[in-house]
Amino acid sequence: MAKTPKNKKVVVLTPVEKFEQLTTLKNATKCILNIEDEYDIYVKLQKEFAELGEKAKKDPFEGCEQCAALSEECKNKAEELKLKLPKEQKVDSQTVMTTAKEREEKEGQKKKGKGKWIALIIVVLIVAAAVCYKATPTRYYIAGWEQALGMDNYALKSYARLGDYKDSVQKKMEIKKIILGETKAGQTISFGKCRWIVLENKEGKLLLAKNTAMPDLVYHNKDEKVTWEYCSLRTYLNQDFIANVFNQQEQELIVPTTVKATDNATYGTKGGKDSQDRVFIMNREELLQYRNILGGKVKNMRLRTPGKELNTTAYVSCLKECVDYGIPVNEKGMYIRPVMWIQYK
């Protein structure tokens, strides 16, 4: 069965962004050593500046008055370079007799034109980055080109290095949301300062479990009867953990979730009341639902389901079995694996 082509996202640039990126590309052409490629770039720039200038007549933007002059400058540069092209590239194909095969080859070359243009841009970006990457405005526009060309991971890193320059933080989060939306259950992603396993992707939200569990935390800081609603672990995860691991923009994506207080199915121990949390740990039922995705990480995990007594919680043994009898709430030795929902739409 033929594969259905994946719909590619289209990044729409504002006229100002388009103008600034074309200008950056023009300035970077001096780094190109190949005359043919430089010629092709200037021909394309001439057309792009001209089209942008026409659009600006209806919707002006800062700097638009330069478009006509820049288009003319690129045209003159292209004509200058044309004289230096290899002889066979100067021949007017309409004045010579060509075979059917040659015509087919030329048609094929036309179809490849767009791909070649993109490839040339990438080459220029790489060279420009090597030559003048220390200039913050240049780095910003290179990040924009990377985003426009669908090079999301590169653009994400570029915007991250720019810090709070212009709207880099906003741009970085936009790209991050796109990347998050494309993930599937079982994949591992970066979010905040940690790596996370994707447990579920639905309705514009991801359910994430921390990839590396936390071995030194206890469920509660003293040996006493307690449910999830009042335990010290819940307080830590929803206050200090969030503050230390995520920046403000990332925190805004974490979704408050109704955390069910389930009873112990074997001993009937009451689980208390439901709560609203942004970060939590799994109960017995959730562990069974996602254990196949977690794979080998399903062991030595503390659960929020109470054990036989209210001063204990159920846990997953080193043999990956759920132990309902439980382990004391203030005892170390069980891994804590934070879980949370984040919104990307």
Atom [atom1] of [X] and atom [atom2] of [Y]: how far apart are they, to the nearest 0.5 Å?
{"X": "Met173", "Y": "Tyr159", "atom1": "CE", "atom2": "OH", "result": "14.0 Å"}
{"X": "Ile281", "Y": "Cys231", "atom1": "CD1", "atom2": "SG", "result": "7.0 Å"}
{"X": "Gln66", "Y": "Leu52", "atom1": "CD", "atom2": "CG", "result": "11.0 Å"}
{"X": "Met282", "Y": "Ile336", "atom1": "CE", "atom2": "CD1", "result": "12.0 Å"}
{"X": "Lys345", "Y": "Gln343", "atom1": "NZ", "atom2": "CD", "result": "10.0 Å"}
{"X": "Lys320", "Y": "Lys297", "atom1": "NZ", "atom2": "NZ", "result": "11.0 Å"}

Quick check: closest heavy atoms across [X] and [Y], and the distance to 0.1 Å?
{"X": "Ile242", "Y": "Arg278", "value": "CD1-CB, 3.9 Å"}
{"X": "Met340", "Y": "Phe280", "value": "CA-CE2, 4.2 Å"}
{"X": "Phe49", "Y": "Cys67", "value": "O-CB, 3.5 Å"}
{"X": "Phe191", "Y": "Trp196", "value": "O-NE1, 2.9 Å"}
{"X": "Ile327", "Y": "Glu331", "value": "CD1-OE2, 3.6 Å"}
{"X": "Met214", "Y": "Pro338", "value": "SD-CG, 3.6 Å"}

Determine whether more than 12 heavy atoms belonging to other residues, nucleotides or ligands lie under 6.0 Å from atom [atom1] of [X].
{"X": "Tyr335", "atom1": "OH", "answer": "no"}
{"X": "Asp240", "atom1": "CG", "answer": "yes"}
{"X": "Lys166", "atom1": "NZ", "answer": "yes"}
{"X": "Tyr154", "atom1": "OH", "answer": "no"}
{"X": "Gln276", "atom1": "CD", "answer": "yes"}

Lys77 bridged to Glu80 by N-O distance under 4.0 Å: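 Looking at Glu80 together with Lys77, the answer is yes, because their closest N to O distance falls below 4.0 Å.
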Test log, rule side-chain contact (heavy atoms from CB on, under 4.5 Å), inputs Lys84 and Tyr39: CA-CA 10 Å; Lys84 301 178 182 178; Tyr39 169 76; over 6 Å; no
Identified salt bridge (Lys or Arg N to Asp or Glu O under 4.0 Å) counterpart of Glu286 within the set Lys260, Arg337, Arg304: Arg304
Distance only, no hydrogens: is a donor on one side chain within 3.5 Å (strictly under) of an acceptor on the other, for [X] and [Y]?
{"X": "Asp167", "Y": "Tyr140", "result": "yes"}
{"X": "Arg302", "Y": "Thr313", "result": "yes"}
{"X": "Asp223", "Y": "Asn330", "result": "no"}

Within the 4.5 Å heavy-atom criterion, are [X] and [Y] side-chain neighbours or not?
{"X": "Val198", "Y": "Lys184", "result": "no"}
{"X": "Lys58", "Y": "Lys55", "result": "no"}
{"X": "Arg291", "Y": "Leu294", "result": "no"}
{"X": "Lys172", "Y": "Leu162", "result": "no"}
{"X": "Leu303", "Y": "Asn283", "result": "no"}

For the backbone of [Y] and the side chain of [X], can you confirm whether one donor and one acceptor N or O come within less than 3.5 Å of each other?
{"X": "Gln46", "Y": "Cys74", "answer": "no"}
{"X": "Thr269", "Y": "Leu310", "answer": "no"}
{"X": "Asn264", "Y": "Pro306", "answer": "yes"}
{"X": "Glu79", "Y": "Asn76", "answer": "no"}
{"X": "Asn300", "Y": "Met334", "answer": "no"}
{"X": "Asn238", "Y": "Asp277", "answer": "no"}
{"X": "Asn311", "Y": "Pro328", "answer": "no"}
{"X": "Lys193", "Y": "Asn244", "answer": "yes"}

From CA spacing to verdict: side-chain contact (heavy atoms from CB on, under 4.5 Å), Tyr290, Leu207: CA-CA 10 Å; Tyr290 299 111; Leu207 179 61; 3.4 Å; yes
For Lys202, all residues meeting side-chain contact (heavy atoms from CB on, under 4.5 Å), sequence neighbours excluded: Glu200, Trp341
Quick one: do [X] and [Y] end up in the same hydrophobic cluster if we chain Ile, Leu, Val, Met, Phe, Trp and Tyr together by side-chain heavy atoms under 4.5 Å apart?
{"X": "Leu208", "Y": "Ile254", "value": "yes"}
{"X": "Tyr325", "Y": "Leu287", "value": "no"}
{"X": "Val169", "Y": "Ile175", "value": "no"}
{"X": "Leu288", "Y": "Met301", "value": "yes"}
{"X": "Val255", "Y": "Leu199", "value": "yes"}

Option from Asp324, Asp263, Thr305 for which side chain to side chain donor-acceptor pair (under 3.5 Å) with Arg284 holds: Asp324
Plane angle bin for Tyr219 and Trp228 - parallel if under 30°, tilted between 30 and 60°, otherwise perpendicular: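 Answer is tilted, since the angle falls between 30° and 60°.
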Geometric class of the Phe241/Tyr236 ring pair [parallel <30°, tilted 30-60°, perpendicular >60°]: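 Tilted: the ring planes of Tyr236 and Phe241 meet at 30° to 60°.
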side-chain contact (heavy atoms from CB on, under 4.5 Å) evaluation trace for Glu285 with Gln289: CA-CA 6 Å; Glu285 291 73 19; Gln289 180 179 353; over 6 Å; no
side-chain contact (heavy atoms from CB on, under 4.5 Å) evaluation trace for Ile189 with Ile179: CA-CA 9 Å; Ile189 62 170; Ile179 294 174; 5.9 Å; no
